[in-house]
Amino acid sequence: MKIAWGITGAGHLLLDSVNILEELSNEHEVTVMLSMAGEEVLKMYGLFERVKNVTGGYYRELIKEKDQESSFPITGRLSMGKYDLLIVSPVTSNTIGKIVNGIADNLITNAVAQAGKGLVKTYIIPVDFESGDLKTVLPSKLELDLCEKCETCEAAAACPNDAITPGVEINLLNCKGCGACQIACPFSAVTGGKIITIHMRDVDILNTKKLYEIEGIEVLAHPKHLMKVLKGVLKEQ
Ligand SMILES: Cc1cc2nc3c(=O)[nH]c(=O)nc-3n(C[C@H](O)[C@H](O)[C@H](O)COP(=O)(O)O)c2cc1C
């Protein structure tokens, strides 16, 4: 199958999404599309190279929003029905809010809109799925209560991207998620993969509910459900 896979800037479900993306790309031609935030966040979690490695070749491209201009002609492939399906996982509250309001102003929201026009079935895995609190994972973080503000910061010295301002913070836009800082700090003041609880806002949950009303879109709770769904799609073909 030819599959288009969009990634937005969500840390939640990102690792699970990349795991399934890798699995699918072994058997199918997968074009990966990254929102600007999707690319940044993949790097922060140290997952960008894994995504890059599954791409290469015609219909196996890595399409970055930042390399596109305003009309996103690549998404014309979807309106022409060149893909068997579009998967977007994970999907931020921002992108869901746009989709349910018919907005198509970036690579991913255009891909969803054009898929609808080309009758390409779209599977969406939103971060904001259920009301209540959600446990999610952070990228590298400088824990100021553990930081001893050493004269020479070993974590900053170990960082190949100059992302650490000693005793202050990690500039996540420079961080590539390599984890060298976590190993280097003798006081374990840099954490990676710390779990935090975030509250799901009603407006975001409401937007996710509206997704179910949009023709051609199927909402899934977790990327792990994709394999079963795809088996069904293959059977129908
Ligand atoms: C480390 C990190 C993790 C994030 N995780 C989420 C998330 O899980 N869900 C979400 O809705 N936004 C998350 N965001 C915020 C989005 O990246 C931000 O709203 C962005 O503008 C979304 O753009 P996009 O929808 O075009 O990808 C995260 C941002 C950062 C820096």
Side-chain angles (χ1 to χ4, degrees), residues 4-18 21 32-48 51 62-70 72 74-75 86-114 122 124-143 161 163-164 169-179 181-182 190-211 217 219-223:
W5 186 309
I7 297 179
T8 67
H12 191 67
L13 298 180
L14 188 60
L15 176 60
D16 304 279
S17 299
V18 172
L21 166 64
V32 181
M33 300 183 180
L34 306 182
S35 74
M36 296 268 276
E39 180 178 349
E40 290 168 8
V41 171
L42 271 173
K43 287 177 181 164
M44 292 170 199
Y45 285 89
L47 294 168
F48 179 77
V51 171
L62 177 62
I63 316 281
K64 299 178 191 170
E65 181 174 355
K66 87 164 180 232
D67 297 336
Q68 301 277 307
E69 295 206 14
S70 303
F72 306 99
I74 189 75
T75 61
L86 168 66
I87 295 165
V88 193
S89 177
V91 192
T92 57
S93 348
N94 172 57
T95 295
I96 298 292
K98 289 182 182 183
I99 293 170
V100 298
N101 284 291
I103 294 171
D105 67 343
N106 67 11
L107 177 62
I108 304 301
T109 51
N110 262 285
V112 173
Q114 298 309 321
T122 298
I124 295 215
I125 290 112
V127 166
D128 304 82
F129 191 71
E130 272 175 342
S131 311
D133 291 346
L134 178 82
K135 288 205 185 312
T136 192
V137 61
L138 291 180
S140 297
K141 183 174 182 308
L142 181 56
E143 305 292 347
N161 303 300
I164 300 182
E169 63 182 357
I170 298 177
N171 177 353
L172 286 176
L173 289 174
N174 288 349
C175 174
K176 302 285 179 285
C178 68
C181 51
Q182 295 159 33
V190 186
T191 52
K194 185 175 175 178
I195 305 292
I196 57 158
T197 302
I198 53 168
H199 179 69
M200 299 284 98
R201 302 187 309 165
D202 288 347
V203 62
D204 298 323
I205 298 300
L206 192 66
N207 280 338
T208 296
K209 286 192 179 137
K210 289 184 194 163
L211 266 184
I217 289 184
V219 184
L220 301 176
H222 194 280

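In each ligand, atom 1 is the first atom listed, and ligand 1 is the first ligand listed.
- For Asp202, the CG atom sits in a loose shell: 12 or fewer heavy atoms of surrounding residues, nucleotides or ligands are nearer than 6.0 Å.
- Any N or O atom pair closer than 3.5 Å counts here, and Tyr45 shares no such pair with ligand 1.
- Counting protein heavy atoms only, atom 12 (N) of ligand 1 is closest to Thr92 CG2, 3.8 Å.
- Across Gly6, Ser35, Ala10, heavy-atom proximity to atom 27 (O) of ligand 1 is greatest for Ser35.
- Residue Asn110 comes nearest to Phe72 through the heavy atom pair ND2-CD1, 3.1 Å, listed as atom of the first residue, atom of the second, then distance.
- Counting only heavy atoms from C-beta outward, the side chains of Ile217 and Val112 approach each other to under 4.5 Å.
- When side chains are defined from C-beta on, Leu134 counts as touching Val127, because their heavy atoms get closer than 4.5 Å.
- Taking every heavy atom of Asn106 and a limit of under 4.0 angstrom, the matching atoms of ligand 1 come to 26 (O).
- Checked options Asn94, Val100, Thr95; the residue passing with Lys98 is Asn94 (criterion: side-chain contact (heavy atoms from CB on, under 4.5 Å)).
- Any N or O atom pair closer than 3.5 Å counts here, and Thr95 shares at least one such pair with ligand 1.
- Evaluated for a side-chain contact (heavy atoms from CB on, under 4.5 Å) with Ile164, the options Cys175, Ser140, Cys181 yield exactly one hit, Cys181.
- Nearest protein heavy-atom contact of atom 14 (N) of ligand 1 is Gly9 O, 3.1 Å.
- Considering Cys175, Gly11, Ser93, Pro139 only, the shortest heavy-atom separation from atom 1 (C) of ligand 1 involves Pro139.
- The nearest protein atom to atom 31 (C) of ligand 1, hydrogens excluded, is given as Met44 SD, 3.8 Å; this is a heavy-atom distance.
- Each of Pro223, Pro139, Pro90 was compared with Leu14 under the side-chain contact (heavy atoms from CB on, under 4.5 Å) criterion, and only Pro90 meets it.
- Annotation: Lys209, atom NZ; neighbour count of heavy atoms from other residues, nucleotides and ligands within 6.0 Å does not exceed 12.
- Each of the atoms 27 (O) of ligand 1 lies under 4.0 Å from some heavy atom of Thr8.
- Where the criterion is an N or O separation shorter than 3.5 Å, residue side chain and backbone included, His12 meets it with respect to ligand 1.
- For ligand 1, one of its N or O atoms has an N or O atom of Asn94 under 3.5 Å away.
- Residues Ile99 and Asn207 have side chains not in contact (no heavy-atom distance under 4.5 Å, counting atoms from C-beta outward).
- Per-atom contact check: atom 4 (C) of ligand 1 touches the protein, criterion being a heavy-atom distance below 4.0 Å.
- Residue Ala37 approaches ligand 1 through these ligand atoms, each under 4.0 Å from one of its heavy atoms: 17 (O), 20 (C), 22 (C), 23 (O), 27 (O).
- Protein heavy atom closest to atom 30 (C) of ligand 1, with residue, atom name and distance, is Val41 CG2, 3.9 Å.
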